[in-house]
Amino acid sequence: MAHLGSWYRDFITDKVYWSDETYRIFGLEPQEFEVTFDSFLRYVHPEDQDYVENNVKKSFKRGTL
């Protein structure tokens, strides 16, 4: 109804998982596209990519992830 996608990242395996709705939002097929953190970053607005990546790194340093 709201067409919200979801995703999560398994930090042990470093795999990223998207819901079917997230694939639909980006116009991709789950069978044709394997999501990685780097490919996820390519879908983040270019002006926000450094911000997202730096905050993930900070979270690791603080031990919050």
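Checked options Tyr17, Trp18, Trp7; the residue passing with Tyr23 is Trp18 (criterion: ring pair (Phe, Tyr, Trp, His ring centres under 6.0 Å)).
The CG atom of Asp48 sits 12.0 Å away from the CG atom of Asn54 when rounded to the nearest 0.5 Å. The line from CZ of Arg42 to OG1 of Thr36 is 6.0 Å long, rounded to the nearest 0.5 Å. Between atom OG1 of residue Thr22 and atom CZ of residue Arg24 there is a gap of 9.5 Å, rounded to the nearest 0.5 Å. Gln49 contributes atom CD, which lies 6.0 Å from atom CG of Leu41 (distance to the nearest 0.5 angstrom).
Closest of all the heavy-atom pairs between Ser19 and Gly5 is OG-CA, 3.6 Å.
A distance-only check finds no donor-acceptor pair linking the side chain of Glu21 to the backbone of Leu4 [under 3.5 Å].
Surrounding OH of Tyr51 are at most 12 heavy atoms belonging to other residues, nucleotides or ligands under 6.0 Å away.
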Can you give me every donor-acceptor pair (side chain of residues 25-34, partner residue at least two apart or in another chain, under 3.5 Å) with its distance?
none

